[in-house]
Amino acid sequence: QLRICWQAIPKAASRILSRCLSGALGQALGASDLPANQNEWEKVLRSASAHLAAPQLRWALREQGLFSALPADVAEYLEAVYTLNIDRNRECEDQLAHLIQALNSIDVRPVLLKGAAALVGRLYPTSGERMISDLDILIPARQLPEIFDKLASVGYRPWVYEGTELPDPVGFCSDHHYPPLVNTAWPTHVELHVHPVHLGVAELLSSEEVFRDATKLAWRNGDCLLPSPTHFIAHNIIHAFLNDAKIHLKRLSLRQLFEFVLASRVYGERIDWNDIRNRFEGRGHGKALRQYLAL
């Protein structure tokens with residue numbers, strides 16, 4: 001029934017994009033699944049860019065052997081986006097390595113979250129398939145003042161809106177992360193999380209359990225932690241759906257939805273789905289979990 005309803009709906013750009021992205025996840029694609037003309041291609045590429053999913057689209061079409069059949073300008077665009085993204089991500093990885101080493105010097109091993117975890121954990125074939133907008137790391141809340149001072153010593157400065165007072169890192173508890181830190185020597189900003197998710201849904205995933213179950217990783221002359229597969233999946237659902245789609249952005253990120261399916265397949269039996277179900281059902285978010293899984 002869902003399949004019939006899907007086919008009866010006109011080919012909106014987001015639906016064509018979603019279908020194409022599935023090609024990187026094992027779903028067979030043919031020429032009829034691609035945009036039919038230049039106008040459709042423009043809309044799909046605009047949608048892919050808005051969702052930060054253009055590199056994933058390139059991966060999917062290459063995976064299905066369809067890339068050589070693309071219009072020349074479409075192929076050139078996707079290649080250019082991938083090349084620029086992988087170059088930037090390499091710089092972001094250099095920045096992250098430097099950041100981890102600075103934190104290790106004060107005996108802090110951060111947990112990498114979201115894009116940082118996906119890149120360092122090699123969830124994608126290369127770092128070029130995943131666009132990131134910042135570096136999110138989870139740190140022990142009690143060490144925030146010390147961490148703030150250490151990062152200041154290596155060039156990081158907090159960024160706040162004009163007229164906004166910078167919160168005191170001592171006893172900071174007004175948000176799930178401290179205001180972004182920027183460093184002119186590096187390409188992106190850093191968010192120091194004292195909670196993995198927004199305070200309004202903090203009961204769904206605590207920093208204590210994320211640290212407890214995280215995997216230790218020696219990476220580029222530094223030591224960090226990666227979230228457990230179960231917590232990576234739970235964090236994706238909470239951040240992408242409960243927070244962004246239902247509360248703040250009012251739009252579902254296809255990049256995050258793609259990553260949910262990808263991680264589900266890559267991590268496989270290492271994910272405790274009973275834990276995830278009980279976690280959401282027991283805290284009144286069972287319906288949201290089922291909605292996200294359906295999507």
Side-chain angles (χ1 to χ4, degrees), residues 52 85 87-121 127 130-200 202 205-208 210-211 214 217 219-227 231-232 235 238-240 243-244 248-249 253 255-256:
L52 303 182
N85 190 53
D87 287 345
R88 181 181 185 273
N89 280 356
R90 285 169 178 161
E91 293 181 1
C92 289
E93 288 187 10
D94 290 343
Q95 178 181 2
L96 183 59
H98 178 266
L99 180 71
I100 291 171
Q101 291 165 23
L103 295 177
N104 288 171
S105 72
I106 56 172
D107 201 28
V108 172
R109 291 179 178 83
V111 180
L112 309 185
L113 301 175
K114 300 191 305 187
L119 292 184
V120 174
S127 66
R130 191 3 168 124
M131 282 189 166
I132 62 173
S133 54
D134 56 16
L135 295 173
D136 297 274
I137 62 173
L138 180 66
I139 53 103
R142 67 182 185 282
Q143 292 183 264
L144 177 58
E146 182 184 10
I147 292 170
F148 181 83
D149 290 342
K150 178 61 185 180
L151 295 184
S153 74
V154 294
Y156 282 92
R157 298 291 182 268
W159 184 90
V160 293
Y161 289 107
E162 186 176 352
T164 304
E165 184 177 351
L166 183 68
D168 189 343
V170 178
F172 175 76
C173 61
S174 59
D175 200 350
H176 68 302
H177 65 71
Y178 199 70
L181 300 181
V182 296
N183 186 329
T184 56
W186 297 108
T188 193
H189 64 273
V190 174
E191 289 189 348
L192 301 176
H193 287 247
V194 293
H195 297 282
V197 296
H198 281 258
L199 298 183
L205 188 64
S206 70
S207 58
E208 290 79 13
V210 172
F211 271 106
L217 179 68
W219 180 71
R220 295 188 54 173
N221 300 315
D223 294 320
C224 59
L225 300 166
L226 292 178
H231 290 160
F232 185 91
H235 189 266
I238 297 165
H239 175 73
N243 182 67
D244 285 356
H248 289 99
L249 301 182
S253 167
R255 177 190 61 163
Q256 293 290 354

In this structure, CG of Leu103 is separated from CD1 of Ile139 (nearest 0.5 Å) by 8.5 Å
Aromatic contact between His195 and His176, with the criterion being ring centroids under 6.0 Å apart: yes or no? no
Just to verify, which of Tyr156, Trp159, Phe148 counts as forming a ring pair (Phe, Tyr, Trp, His ring centres under 6.0 Å) with Tyr178? Phe148
Separation of Trp186 CH2 from Leu96 CG (nearest 0.5 Å): 10.0 Å
Nearest-0.5 Å distance that lies between atom CG in Leu113 and atom CD1 in Ile137: 8.5 Å
Can I get a per-line list of side-chain donor-acceptor pairs under 3.5 Å for residues 164-172, giving both atom names and the distance, sequence neighbours left out?
unit_1, atom_1, unit_2, atom_2, d
Thr164, OG1, Tyr161, O, 3.2
Asp168, OD1, Val170, N, 2.9

Just by distance, do the side chain of Ser127 and the backbone of Asn89 share a donor-acceptor pair under 3.5 Å? no
Tell me, with the steps shown, if Leu112 and Leu217 meet side-chain contact (heavy atoms from CB on, under 4.5 Å). CA-CA 10 Å; Leu112 309 185; Leu217 179 68; 5.8 Å; no
For Ile100 and Pro110 the tightest heavy-atom approach is CG1-CG, 4.3 Å
Nearest 0.5 Å, what's the CG-CZ distance between Asn85 and Arg90? 10.5 Å
For the student: nearest non-hydrogen atoms of Val108 and Gln143, plus distance: CG2-NE2, 3.3 Å
Without swapping roles, check the side chain of Arg255 against the backbone of Met131 for a donor-acceptor pair under 3.5 Å. yes
Minimum-distance pair of heavy atoms, taken over all atoms of Lys150 and Ser105: CE-OG, 3.1 Å
Separation of Asp223 CG from Arg109 CZ (nearest 0.5 Å): 5.0 Å
Taking it one step at a time, do Leu192 and Leu138 satisfy side-chain contact (heavy atoms from CB on, under 4.5 Å)? CA-CA 6 Å; Leu192 301 176; Leu138 180 66; over 6 Å; no
Who pairs with Asp149 by side-chain hydrogen bond (donor to acceptor under 3.5 Å, both in side chains), at least two apart in sequence or on another chain? none
Locate the shortest heavy-atom distance separating Val210 from His231; write the atom from each residue and the value. CA-ND1, 3.8 Å
I need the minimum non-hydrogen distance between Val111 and Leu226, along with the two atoms involved. CG1-C, 4.4 Å
Has the side chain of Glu191 got a donor or acceptor atom that lies under 3.5 Å from a matching backbone atom of Pro179? no
How would you list, by chain and number, every residue that makes a side chain to side chain contact (heavy atoms under 4.5 Å, CB included) with Arg157, sequence neighbours excluded? Ala152
Does the side-chain contact (heavy atoms from CB on, under 4.5 Å) test come out yes or no for Ile132 and Cys92, once each step is laid out? CA-CA 9 Å; Ile132 62 173; Cys92 289; 3.9 Å; yes
Other residues, nucleotides and ligands only: do more than 12 of their heavy atoms fall within 6.0 Å of CZ on Arg88? yes
Nearest heavy-atom neighbours spanning His235 and Pro196: NE2-O, 2.8 Å
Holding to salt bridge (charged side-chain N to carboxylate O under 4.0 Å, His left out), I want the full list of residues that pass it with Glu93, two or more places apart in sequence or in another chain. Arg122
Asn183: partners by side-chain hydrogen bond (donor to acceptor under 3.5 Å, both in side chains), with sequence neighbours left out: none
For a 4.5 angstrom cut-off between non-hydrogen side-chain atoms, does Val194 reach His177? no
For Arg220, enumerate each residue passing the side-chain hydrogen bond (donor to acceptor under 3.5 Å, both in side chains) test, keeping only those at least two apart in sequence or located in another chain. Asp94
Walk me through whether Asn243 and Ile238 qualify under side-chain contact (heavy atoms from CB on, under 4.5 Å). CA-CA 6 Å; Asn243 182 67; Ile238 297 165; 5.6 Å; no
Quick one: are Gln256 and Asp244 in side-chain contact, heavy atoms under 4.5 Å? no
Using side-chain hydrogen bond (donor to acceptor under 3.5 Å, both in side chains), reason through His193 and Asp136 one step at a time and then give a plain yes or no. CA-CA 7 Å; His193 287 247; Asp136 297 274; 2.9 Å; yes
How far does SG of Cys224 sit from CG of Asn104, to the nearest 0.5 angstrom? 8.0 Å
